[in-house]
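Let me begin by presenting the structure, written as structure tokens, before commenting on it.
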Amino acid sequence: MFEFPQDQPSDTSDTHRMTRRAVLLGGSVAALGLFVARRAFMREATVEAKDKPHGAPGHVTIVNFSDDGVSQGKQTVDKVVKSDAEWREQLGANSFNITRRAGTEMPFTGVTWKEHGKGIYRCICCDTALFSSKTKFESGTGWPSFWEPLARENVSSVEDGSLGMDRTEVRCARCDGHLGHVFDDGPQPTGLRYCMNSASMKFVKATA
């Protein structure tokens, strides 16, 4: 046991309370500081994620087409890589969600599912020529459907196991934008059905 000197007050409760209060206050301030710092870090990380370009820079060879669907030959071009913020500003919420987040528009709602004019369909993200009205057909699904792309080089395919199904996702070869899926229940001569989202493409009417 410790023994206090006679000239030292034996009652130290006030001192203990003040010390304990100071410790608690210091701990609260430290915790608040950590919370503020963490929130600031999370905001910076979110901003960085939105501003960080997605995709791998590089080159890809595609086939250029006029708006009349006439081939202009192959060309090696840069891959289109942008940040989420840039894509959102360019595309708007709906096309961004579909092309950059692999969303799907509701059937019978797209602007081109019942388009019957002559022309071609270009990627909404990078303007790459994708499909021609010559290969478009009525699939009854409510989405624009084609039995063949304008050029195989202009689209890429990726195995998609989402939603508990085995499907083949179709993307734009230049910007990796999600277009839709391809199935093997289409008409001849290919037997394929490229089931696309209207919001992933823009229709360009032929001039001739």
Side-chain angles (χ1 to χ4, degrees), residues 44-105 110-112 115 119-136 143-163 165-183 190 192-206:
E44 290 177 2
T46 301
V47 172
E48 183 181 356
K50 290 182 179 179
D51 291 340
K52 182 179 180 181
H54 296 283
H59 307 284
V60 62
T61 299
I62 61 173
V63 181
N64 286 324
F65 287 86
S66 69
D67 291 342
D68 295 322
V70 178
S71 174
Q72 306 296 305
K74 293 184 179 182
Q75 181 182 6
T76 299
V77 295
D78 293 333
K79 296 274 288 187
V80 177
V81 179
K82 296 183 180 182
S83 67
D84 281 352
E86 291 173 317
W87 283 127
R88 282 183 185 276
E89 182 177 359
Q90 173 186 331
L91 301 171
N94 187 46
S95 288
F96 172 83
N97 180 59
I98 292 174
T99 60
R100 313 320 305 182
R101 290 291 180 267
T104 301
E105 66 194 10
V111 295
T112 60
E115 173 63 59
I120 66 173
Y121 296 78
R122 294 186 179 274
C123 176
I124 196 70
C125 298
C126 67
D127 216 38
T128 297
L130 301 172
F131 296 94
S132 169
S133 59
K134 294 179 180 180
T135 63
K136 192 172 187 284
W143 289 286
S145 300
F146 307 84
W147 48 262
E148 185 178 53
L150 269 170
R152 296 283 180 177
E153 294 90 340
N154 294 10
V155 298
S156 62
S157 59
V158 181
E159 293 305 311
D160 179 11
S162 64
L163 304 179
M165 297 182 287
D166 292 327
R167 299 179 295 173
T168 301
E169 178 189 2
V170 180
R171 299 178 182 175
C172 172
R174 188 176 186 188
C175 70
D176 291 326
H178 173 76
L179 303 175
H181 293 84
V182 60
F183 304 92
T190 65
L192 299 175
R193 172 171 59 93
Y194 284 83
C195 188
M196 304 290 99
N197 288 284
S198 287
S200 297
M201 306 180 297
K202 58 182 177 181
F203 175 67
V204 182
K205 192 174 183 179

Practice prompt. From the options Lys82, Arg100, Lys79, select the one residue that forms a salt bridge (charged side-chain N to carboxylate O under 4.0 Å, His left out) with Asp176.
Written response: Lys79
Worksheet item: What closest approach, in Å, do Thr112 and Ser198 show between heavy atoms, and which atom pair accounts for it?
Response: OG1-OG, 2.9 Å
Fill in: Heavy-atom check, side chain of Asp67 versus side chain of Arg122, under 4.5 Å
yes
Discussion item. Is there a salt bridge (Lys or Arg N to Asp or Glu O under 4.0 Å) between Arg101 and Asp84? Walk through the geometry before answering.
Written reply: CA-CA 10 Å; Arg101 290 291 180 267; Asp84 281 352; 2.5 Å; yes
Item to complete: Ignoring hydrogens and angles, tell me if any N or O in the side chain of Gln75 forms a donor-acceptor pair with the backbone of Val63 under 3.5 Å.
Response: no
Response to the item:
Rounding to 0.5 Å, atoms CD1 (Ile124) and SG (Cys175) come to a distance of 10.5 Å
Worksheet entry | Plane angle bin for Phe183 and His181 - parallel if under 30°, tilted between 30 and 60°, otherwise perpendicular | tilted
Discussion item. With a 4.5 Å cut-off on side-chain heavy atoms, are Pro144 and Lys136 touching?
Written reply: yes
Discussion item. Whether the side chain of Gln90 engages the backbone of Cys125 through a donor-acceptor N/O pair (distance < 3.5 Å, no angle test) should be reported.
Written reply: yes
Item to complete: Check for a donor-acceptor pair, side chain of Asp68 on one end and backbone N or O of Ala206 on the other, with a separation under 3.5 Å.
Response: no
Discussion item. Donor-acceptor check, side chain of Glu148 to backbone of Thr135, threshold 3.5 angstrom: yes or no?
Written reply: no
Item to complete: State whether the side chain of Glu89 and the backbone N or O of Glu86 hold a donor-acceptor pair below 3.5 Å, judged by distance alone.
Response: no
Item to complete: Dump the intermediate steps for side chain to side chain contact (heavy atoms under 4.5 Å, CB included) on Ser200 and Ser95, then the final yes or no.
Response: CA-CA 6 Å; Ser200 297; Ser95 288; over 6 Å; no
Discussion item. Go through it in stages, so that I can follow the logic: the residues are Met196 and Phe131, the test is side chain to side chain contact (heavy atoms under 4.5 Å, CB included), and I'd like the CA-CA distance, side-chain angles, deciding distance and then a yes or no.
Written reply: CA-CA 10 Å; Met196 304 290 99; Phe131 296 94; 3.6 Å; yes
Practice prompt. Quick one: pull up CG in Asn197 and CH2 in Trp143 and give me the separation to the nearest 0.5 Å.
Written response: 8.0 Å
Practice prompt. Determine, step by step, whether Lys74 and Glu153 satisfy the side chain to side chain contact (heavy atoms under 4.5 Å, CB included) criterion, reporting the C-alpha distance in whole Å, the side-chain angles of both residues, the deciding distance to 0.1 Å, and the verdict.
Written response: CA-CA 9 Å; Lys74 293 184 179 182; Glu153 294 90 340; 3.1 Å; yes
Discussion item. For Ser162, give me all partners under side chain to side chain donor-acceptor pair (under 3.5 Å), at least two apart in sequence or on another chain.
Written reply: Asp160, Arg167
Practice prompt. Go through the steps to decide whether Met201 and Cys123 satisfy the test side chain to side chain contact (heavy atoms under 4.5 Å, CB included), and finish with yes or no.
Written response: CA-CA 5 Å; Met201 306 180 297; Cys123 176; over 6 Å; no
Item to complete: Answer yes or no: is there a side-chain heavy-atom contact under 4.5 Å between Asn154 and Arg152?
Response: no
Worksheet item: Got a salt bridge between Asp127 and Arg174, using NZ or NE/NH1/NH2 to carboxylate O under 4.0 Å?
Response: no
Worksheet entry | Contact summary for Ala129 and Ile120, nearest pair of heavy atoms | CB-CD1, 4.1 Å
Item to complete: List the atom of Ala102, the atom of Glu169, and the distance in Å for their closest heavy-atom pair.
Response: CB-OE2, 4.5 Å
Discussion item. Just checking Asp78: does its CG atom have more than 12 heavy atoms from other residues, nucleotides or ligands closer to it than 6.0 angstrom?
Written reply: yes
Worksheet item: Is a donor on one side and an acceptor on the other found under 3.5 Å between the side chain of Ser132 and the backbone of Leu150?
Response: no
Discussion item. For the backbone of Arg193 and the side chain of Ser145, can you confirm whether one donor and one acceptor N or O come within less than 3.5 Å of each other?
Written reply: no
Item to complete: Look up atom OG in Ser71 and atom CG in Asn64, then write down how far apart they are to the nearest 0.5 Å.
Response: 8.0 Å
Worksheet item: Going by atom types only, do Thr61 and Thr76 share a side-chain donor-acceptor pair under 3.5 Å?
Response: yes
Discussion item. Assess the residue pair Tyr121 and Phe146 against the criterion (ring-ring contact (aromatic ring centres under 6.0 Å, His included)); give the C-alpha distance rounded to whole Å, side-chain angles, the decisive distance to 0.1 Å, and a yes or no.
Written reply: CA-CA 11 Å; Tyr121 296 78; Phe146 307 84; 5.0 Å; yes
Item to complete: Compare every heavy atom of Cys126 with every heavy atom of Val80, then report the nearest pair and how far apart it is.
Response: CG2-CB, 3.9 Å
Worksheet item: Is there a side-chain contact between Val204 and Phe65, using heavy atoms and a 4.5 Å cut-off?
Response: no
Worksheet item: Do side-chain atoms of Thr168 reach the backbone of Ser157 as a donor and acceptor pair under 3.5 angstrom?
Response: no
